[in-house]
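All remarks here apply to the structure that follows.
As the structure is a computational prediction, the values presented were derived from the model and not from experiment.
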Amino acid sequence: MYIDSRICRLVSSKEEAKPFIEYYKMELKKEFSLFPVYSDFLKQNWLVISGEGEELSSIAAIYLKNCSKSKKNVGWVNFTFSLTSSNISNLYIIDTIIKGNKDEKLYPSIVSMNFIKRAKIISVSDITENDHLLQDFDSYDFYKTVSKLVNKELIAIIKISISKNEINNKPLKENLLKNNFEKIVQIEKVLKKYSNIESTSIKLPKNYKKIIKLIHFTTSEKFQLINLLRSWNNIYSKDLIKEIKNFSKS
């Protein structure tokens, strides 16, 4: 069974999607109509545009998982612009997400990503004027949903901060994305490595399908068989099917 590694991305707008679409040569998949969904030719890169809203990020993430037929080895990226009270814009990877007006926090794992600044963010339903934290609409619901689908090491919440006065300044946002996109690609390369590692753990080992056709295994015995075959394939080079051809019981 071949399981490829891939990255799924969630953004909230077409302008946030544009550099990813161009860089990975993705095209709109017209067969999916609930949200705009894009993919490259090899189906290793996927993207969905969710729009802005607390619950939309969760719904769009599940939709993208289903459209892309993604497994638990997939890397996930949530990239959007986030509002800040500062006039200075920066690229951040989020390590703490706070649910607005509630004492609820989530802690994304950011192993091996020390080349980028870290920050907390608060996910809100309405933007406030005097909060010094980064603010957005989607991080909390996105992360809470996707963390149930894959390991935390496969999720990156990436934000570019921008002031409320500049949020509609499209030339500025295009320039910020252009200047920071190389770092975003670096983050995705880290996720790709984790995706490749995770892929090896979910592939069925060599000879598994042949053996269960020859011999009956219960569900629990099939799990034991998978572990035994992985050990066998790492240690021995013998023809296993020839070795067990006279076996009649699991």
Hey, does the side chain of E221 reach the backbone of T218 with a donor-acceptor pair shorter than 3.5 angstrom?
yes
Please work out which of the three classes, parallel, tilted or perpendicular, describes the rings of F32 and Y63, given edges at 30° and 60°.
perpendicular
Answer yes if Y107 and I158 sit in the same cluster of Ile, Leu, Val, Met, Phe, Trp and Tyr residues linked by side chain heavy atoms under 4.5 Å apart, and no otherwise.
no
Donor-acceptor pair, N207 side chain versus K210 backbone, under 3.5 Å?
no
Between T96 and K120 (side chain of the first, backbone of the second, donor and acceptor by atom type, cut-off under 3.5 Å), is there such a pair?
no
Flag if over 12 foreign heavy atoms under 6.0 Å of NZ, K99
yes
Do you know the tightest heavy-atom contact between K71 and V150?
O-CG1, 4.0 Å
Atom pairs and distances, side-chain donor-acceptor, residues 175-182, under 3.5 Å, sequence neighbours left out:
| from | atom 1 | to | atom 2 | distance (Å) |
| --- | --- | --- | --- | --- |
| N179 | ND2 | N175 | O | 3.3 |
| N180 | ND2 | L176 | O | 2.8 |

Indicate, with yes or no, if I211 and F247 share a hydrophobic cluster defined by side-chain heavy-atom contacts under 4.5 Å among Ile, Leu, Val, Met, Phe, Trp and Tyr.
yes
So which of V11, L134, I160 actually passes side chain to side chain contact (heavy atoms under 4.5 Å, CB included) with F81?
I160
So, do K164 and T84 sit near enough that their side-chain heavy atoms are less than 4.5 Å apart?
no
Please confirm whether the backbone N or O of W46 pairs with a side-chain atom of R9, one donor and one acceptor, at under 3.5 Å?
yes
If you apply the rule side chain to side chain contact (heavy atoms under 4.5 Å, CB included), what do you find for I212 with L225, and how did you get there?
CA-CA 9 Å; I212 62 173; L225 176 64; 3.8 Å; yes
I'd like to know if the side chain of E166 reaches the main chain of I162, judged simply by a donor and an acceptor atom lying under 3.5 Å from each other, with no hydrogens or angles considered.
no
Nearest heavy-atom pair of S82 and D136: which atoms, and what distance?
CB-CB, 4.3 Å
Under a 3.5 Å distance rule, please check whether N45 uses its side chain to pair with a backbone N or O of Y24 as donor and acceptor.
no
Pairwise distance CD1(I98) to CD1(I121) - rounded to 0.5 angstrom
9.5 Å
Neighbour count above 12 (heavy atom, 6.0 Å) for K29 NZ
yes
Just so I know, are the side chains of Y38 and F20 near enough to count as touching, which here means a heavy-atom distance under 4.5 Å?
no
For the pair S147 and I155, evaluate side chain to side chain contact (heavy atoms under 4.5 Å, CB included) and give the outcome as yes or no after the intermediate values.
CA-CA 8 Å; S147 61; I155 308 171; 4.0 Å; yes
K159 with D138: basic N within carboxylate O range, under 4.0 Å:
yes
Is there a path of hydrophobic side-chain contacts, each under 4.5 Å between heavy atoms of I, L, V, M, F, W or Y residues, that connects Y92 with V185?
yes
Between L28 and V37, is there a side-chain heavy-atom distance shorter than 4.5 Å?
no
With rounding to the nearest 0.5 Å, note down the distance linking CD in E52 to OG in S12.
5.0 Å
Rounded distance (nearest 0.5 Å) linking atom CG of L149 with atom CD1 of I62:
5.0 Å
Checking L106 against K144 for the side chain to side chain contact (heavy atoms under 4.5 Å, CB included) test, could you report, in this order, the C-alpha distance in whole Å, the side-chain angles of both residues, the deciding distance, and whether it holds?
CA-CA 8 Å; L106 300 173; K144 191 171 183 179; 4.0 Å; yes
Taking all heavy atoms of L154 and all of K72, pick out the closest pair and write down the distance.
CD1-O, 3.5 Å
Please examine the side chains of S163 and L83, heavy atoms only from C-beta on, and report whether any two atoms are closer than 4.5 Å.
no
Roughly how far, to the nearest 0.5 Å, is the OH atom of Y23 from the CD atom of E188?
8.5 Å
Near F115 CZ, under 6.0 Å, is it more than 12 heavy atoms from other residues, nucleotides or ligands?
yes
Does E27 CD have over 12 foreign heavy atoms under 6.0 Å away?
no
Give me the atom names and distance for the closest heavy-atom approach of L191 to I7.
CB-CD1, 4.2 Å
Please round to the nearest 0.5 Å and tell me the distance separating atom CZ of F142 and atom OG of S57.
8.0 Å
Could you tell me whether the side chain of E16 and the main chain of S13 form a donor-acceptor pair under 3.5 Å?
yes
Considering all heavy atoms of both residues, which atom of A60 and which atom of S50 are nearest to each other, and what is their separation?
CB-CB, 3.6 Å
Nearest 0.5 Å, what's the CD1-OH distance between I97 and Y143?
7.0 Å
Is it true that K170 and E15 have a side-chain N and a carboxylate O under 4.0 angstrom from each other?
no
Does a side chain donor of either T145 or S58 reach within less than 3.5 Å of an acceptor in the other side chain?
yes
Grab the two heavy atoms, one from I93 and one from A156, that are nearest each other, plus how far apart they are.
CD1-CB, 4.2 Å
Side-chain contact test, heavy atoms from C-beta onward, threshold under 4.5 Å: evaluate it for P171 versus N169 and give yes or no.
yes
Distance alone, cut at 3.5 Å: any donor-acceptor contact between the side chains of S70 and S68?
yes
More than 12 non-hydrogen atoms from neighbouring residues, nucleotides or ligands closer than 6.0 Å to NZ on K192, yes or no?
yes
Show, in sequence, the C-alpha distance, side-chain angles and deciding distance for I122 and Y140, and conclude whether the side chain to side chain contact (heavy atoms under 4.5 Å, CB included) test is met.
CA-CA 8 Å; I122 181 168; Y140 186 91; over 6 Å; no
